[in-house]
Amino acid sequence: MNRSEENRSSSAFTSTLSPAADSCVGVAILSVVLLSVLGNGLVLVVCYRRKNKLVGSELLCANLALADFLVCICFYPFSIISSFSHSWLGGNITCVYYGLGCFFCGLCGMFTVAAISVTRYMKICNSLVYDVWFEDSNIRLMCFAIWLVAVVWSCLPLFGWGEYVPEPYGLSCTVAWRGYHSSTKDAFYIICTFAVFTLIPVVLITVSQCLILAKLNRYSYSLSARGIRNNMQGIEKRLSMMFFCVSLGFVVAWVPYAIVSFLFIFNEERVYMASEGYLFPALFSKSSHIYNPFIYFYFNRKFQQELRHMLHSIWPKLGGNRVSVHVPIEHHFPIHIQLQERRRVRKKSGGVSQDRTNSKSKIKEQDKCITNNKKQVQTCWESMAKEAPKILEKNPGKDTKPVSL
């Protein structure tokens with residue numbers, strides 16, 4: 001009996017894929033890890049540099065980036081090494097560690113995206129409630145509650161409520177979804193996981209984002225009908241589109257894996273489809289760690305500016321060099337003409353101040369002179385701007401003087 005159980009467990013930790021497929025899985029997960037660590041690492045660094053300026057949903061974005069960063073650093077390397085070894089390494093201990101960590105970070109990501117959607121909905125559709133209940137201190141408390149609930153629920157399999165087992169293709173570990181048929185505790189855990197921790201967050205995300213887009217479209221239509229342009233509303237629309245893309249990407253990435261796992265409830269057998277049927281949804285779900293940082297930096301101008309400042313401080317050569325135009329010294333600048341014209345005007349205006357008995361007709365004549373001088377200065381500027389390239393071509397070797405633009 002013990003030998004049969006040992007053989008069954010050892011076979012569960014052996015890859016059911018071909019060696020070439022195992023290597024492809026390892027390369028795919030390694031690519032996800034590298035891109036995710038780079039992208040989410042930059043997000044965390046930018047958030048740290050702006051830690052005193054982070055508000056509302058930006059704190060939740062930092063929370064999501066931290067969860068994605070941790071799962072790629074602490075847990076995915078086990079799957080990468082096992083893929084190139086063609087079997088799960090470490091046995092049941094590493095399987096429990098990997099399954100618990102990935103499930104914990106997955107719950108954190110799901111809760112965080114749901115919190116982002118609800119927070120944005122309150123800010124746009126119920127601003128009074130947002131101002132009262134969604135202050136920065138409450139957002140930080142919300143992040144702490146997300147991590148606490150995720151830790152508690154992911155640790156329940158350690159105490160007999162569910163378990164962590166290898167996935168059917170043998171290169172990863174997850175919750176024993178087929179435990180629904182083994183005991184009442186496992187069935188309760190599986191049903192609550194799908195209903196409370198998967199279905200409800202997905203519904204909140206979908207409904208909140210749809211209501212946000214509907215509200216913004218109605219408001220934009222009303223402003224455009226009146227011929228009013230509101231820059232603040234444009235900023236809110238850009239941020240709402242950013243969070244919509246984050247929410248949509250997360251749901252699209254994880255729903256196929258959730259559906260495949262949910263189908264275990266209706267099948268008592270360990271395997272009810274080919275190994276590739278589990279593999280592709282599992283790999284596709286990991287893509288959610290990659291594109292979130294790119295969405296942040298594409299839509300959020302504050303993140304873009306902070307990233308530029310950070311890169312300029314690290315590599316000064318990437319900073320904005322001043323653009324200069326070299327003009328030969330021997331040619332006069334149009335500014336001298338302008339100064340000469342101004343001096344002429346000042347002399348005339350001084351004469352007017354000395355002789356206050358002059359008639360109004362002389363004052364009008366001086367005004368005409370001023371306007372004529374301005375036109376001459378403008379014409380001179382335009383002519384010099386046209387002649388400057390020709391002058392530079394004719395005098396390429398002469399001493400020049402830089403004039404910063």
Side-chain angles (χ1 to χ4, degrees), residues 1-16 67 70-71 74-79 82 87-112 114 143-202 254-255 257-273 275 277-279 281-282 285-286:
M1 185 71 178
N2 292 332
R3 289 181 179 179
S4 63
E5 291 180 355
E6 290 178 358
N7 293 331
R8 189 180 303 170
S9 62
S10 62
S11 63
F13 291 118
T14 303
S15 174
T16 59
L70 287 178
V71 72
C74 301
F75 305 108
Y76 283 172
F78 286 91
S79 184
S82 298
S87 63
W88 184 261
L89 300 179
N92 189 56
I93 296 176
T94 56
C95 183
V96 172
Y97 171 78
Y98 179 88
L100 187 150
C102 291
F103 187 52
F104 161 72
C105 292
L107 290 177
C108 284
M110 181 70 73
F111 297 158
T112 302
C143 294
F144 175 77
I146 287 172
W147 289 83
L148 180 62
V149 173
V151 166
V152 171
W153 193 255
S154 60
C155 288
L156 285 180
L158 302 179
F159 302 96
W161 295 77
E163 61 177 332
Y164 294 107
V165 296
E167 296 211 45
Y169 54 90
L171 298 177
S172 179
C173 294
T174 185
V175 176
W177 305 115
R178 67 180 183 276
Y180 175 82
H181 302 280
S182 60
S183 66
T184 305
K185 288 183 178 180
D186 292 350
F188 175 79
Y189 186 79
I190 297 301
I191 293 299
C192 287
T193 299
F194 277 110
V196 180
F197 298 101
T198 303
L199 183 61
I200 292 178
V202 169
W254 281 98
V255 162
Y257 181 76
I259 292 174
V260 171
S261 301
F262 183 73
L263 293 177
F264 265 113
I265 295 177
F266 305 101
N267 294 271
E268 297 185 11
E269 298 180 359
R270 180 177 176 272
V271 178
Y272 66 94
M273 65 171 65
S275 300
Y278 303 97
L279 175 62
S285 64
K286 292 175 173 57

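Checked by atom type and distance alone, the side chain of Thr198 never pairs as donor or acceptor with a backbone atom of Ala195 at under 3.5 Å.
Heavy-atom minimum distance, Gly162 versus Asp186: N-OD1, 2.7 Å. Between Phe13 and Pro166, the shortest heavy-atom contact is CE2-CG, 3.2 Å.
Side-chain rings of Phe111 and Phe197 approach one another, their centers coming within less than 6.0 Å. Ring centroid separation for the pair Phe103 and Trp153 does not come in under the 6.0 Å cut-off. Taking the six-membered ring for Trp and the full ring otherwise, Phe78 and Tyr97 have centroids separated by under 6.0 Å. The six-membered or imidazole ring of Phe262 lies away from that of Trp177, with a centre-to-centre distance of 6.0 Å or more.
The SG atoms of Cys95 and Cys173 sit under 2.5 Å apart.
Remark: Ile93 CD1 is loosely packed, at most 12 non-hydrogen atoms of other residues, nucleotides or ligands lying under 6.0 Å away.
For the ring pair (Phe, Tyr, Trp, His ring centres under 6.0 Å) with Tyr98, the lone residue among Phe75, Phe104, Trp88 that qualifies is Trp88.
When only modelled atom types and interatomic distance are considered, Ser172 and Tyr76 share no side-chain donor-acceptor pair under 3.5 Å.
In this structure the side chain of Ile190 reaches within 4.5 angstrom of the side chain of Val175, judged on heavy atoms. Looking at Thr193 and Phe188, their side chains never come closer than 4.5 Å, going by heavy atoms from C-beta outward.
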